[in-house]
Peer 1: 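This is the structure I have questions about; it appears just below.
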Amino acid sequence: MSTQKSRHAFGRVATVAVASLAMIMGGAVSAHADEAYPSDKNQPDLVNLLSQYKDYYSPSNAFDSKDSSSFGKGTVVDAKVLGHNDQSTQQINNAAAVGGDGVTPTEQQRRALIDSDYKMSETLPDALGPQLGAWFSEGLSDGTLSKTGVK
């Protein structure tokens, strides 16, 4: 199959995949709509979970959007809990830096930075695998995937 035909076929597959994802995300009926995950029925009460926030940190009410120095001002109420949170965060970040020199990002850090941008041209090709990802990147680059809205 020629490259042009392969890309055209990929474009059709990608369009179907995007349309299918849109239907699923949009709440369209699926073949197993009556099957639910236990977590679907038992959603956490996020407001209640966050209700204890002020037990650990009391934010200042004096934030001024025109004065960035007023951001983050507040009082630590429970230093033990916040210290534990800080320590956990540092352990996670340090684990991602293992093998690095402190200047050049490690592979894990590089991928996290790329994924944090949410740029379809950077994140999606990797998710599609080597062959589809390469075709997708090429289609974005040369404009043959016009339905993506990427220019």
Side-chain angles (χ1 to χ4, degrees), residues 3 6-7 9-27 30 32 35-145 147-151:
T3 303
S6 296
R7 286 193 322 209
F10 170 69
R12 285 184 289 177
V13 170
T15 301
V16 170
V18 170
S20 298
L21 182 60
M23 287 173 50
I24 291 168
M25 298 302 283
S30 72
H32 304 286
E35 294 179 27
Y37 291 102
S39 60
D40 291 342
K41 296 177 185 174
N42 190 17
Q43 292 290 315
D45 179 358
L46 297 178
V47 173
N48 187 44
L49 287 173
L50 294 173
S51 67
Q52 295 179 355
Y53 177 77
K54 290 185 178 180
D55 292 348
Y56 307 105
Y57 181 79
S58 179
S60 170
N61 291 329
F63 174 68
D64 179 359
S65 62
K66 294 178 180 137
D67 178 13
S68 61
S69 69
S70 67
F71 180 76
K73 303 290 183 184
T75 306
V76 172
V77 177
D78 191 333
K80 182 178 178 183
V81 169
L82 292 183
H84 178 267
N85 291 350
D86 287 346
Q87 184 180 29
S88 296
T89 301
Q90 288 174 2
Q91 286 174 341
I92 291 166
N93 290 339
N94 289 339
V98 168
D101 61 9
V103 177
T104 305
T106 64
E107 179 62 20
Q108 181 71 24
Q109 291 168 326
R110 188 186 67 75
R111 291 186 63 141
L113 288 168
I114 289 170
D115 290 346
S116 70
D117 290 339
Y118 299 114
K119 291 181 182 173
M120 181 172 43
S121 62
E122 294 176 341
T123 305
L124 194 53
D126 187 44
L128 293 172
Q131 186 61 61
L132 290 177
W135 288 343
F136 185 80
S137 293
E138 189 176 332
L140 287 177
S141 176
D142 67 16
T144 57
L145 291 177
K147 293 185 180 185
T148 62
V150 177
K151 294 184 171 53

Peer 1: Check the pair Gln87 / Gln91 against side chain to side chain contact (heavy atoms under 4.5 Å, CB included), numbers first and verdict last.
Peer 2: CA-CA 6 Å; Gln87 184 180 29; Gln91 286 174 341; 4.2 Å; yes
Peer 1: Using 0.5 Å steps for rounding, measure from the NZ atom of Lys80 to the CG atom of Asn85.
Peer 2: 12.5 Å
Peer 1: Does any pair with a residue in residues 88-109 pass salt bridge (Lys or Arg N to Asp or Glu O under 4.0 Å), and if so which ones, sequence neighbours excluded?
Peer 2: Glu107-Arg110
Peer 1: Mind checking what makes side-chain contact (heavy atoms from CB on, under 4.5 Å) contact with Lys73, not counting sequence neighbours?
Peer 2: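 Ser60.
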Peer 1: Can you measure from CG (Leu145) to CE (Met120) and round to the nearest 0.5 angstrom?
Peer 2: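 If we round to the nearest 0.5 Å, Leu145:CG and Met120:CE are 8.5 Å apart.
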Peer 1: So which heavy atom on Leu128 is nearest to which on Leu132, and how close?
Peer 2: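 Smallest heavy-atom distance, with atoms named: O-CB, 3.6 Å.
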Peer 1: Mind checking the NE2-CG spacing from His84 to Asp78? Nearest 0.5 Å is all I need.
Peer 2: 12.0 Å
Peer 1: I need the full list of side chain to side chain donor-acceptor pair (under 3.5 Å) pairs touching residues 47-56, with sequence neighbours left out, sorted by first then second residue.
Peer 2: none
Peer 1: Determine the minimum heavy-atom distance between Ile114 and Thr123, stating which atoms define it.
Peer 2: O-OG1, 3.8 Å
Peer 1: For Leu124 and Phe136, work out which heavy atoms get closest and say how close.
Peer 2: CD2-CZ, 3.5 Å
Peer 1: If you round to the nearest 0.5 Å, how far is CD of Gln43 from CG of Asp45?
Peer 2: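 Here the interatomic distance stands at 11.0 Å.
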Peer 1: Over all heavy atoms of both residues, which pair between Pro44 and Leu49 is shortest? Give the atoms and the distance, please.
Peer 2: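 Closest approach of Pro44 to Leu49: CB-CD1, 3.8 Å.
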Peer 1: Is there a donor-acceptor contact under 3.5 Å from the side chain of Thr106 to the main chain of Ala96?
Peer 2: yes
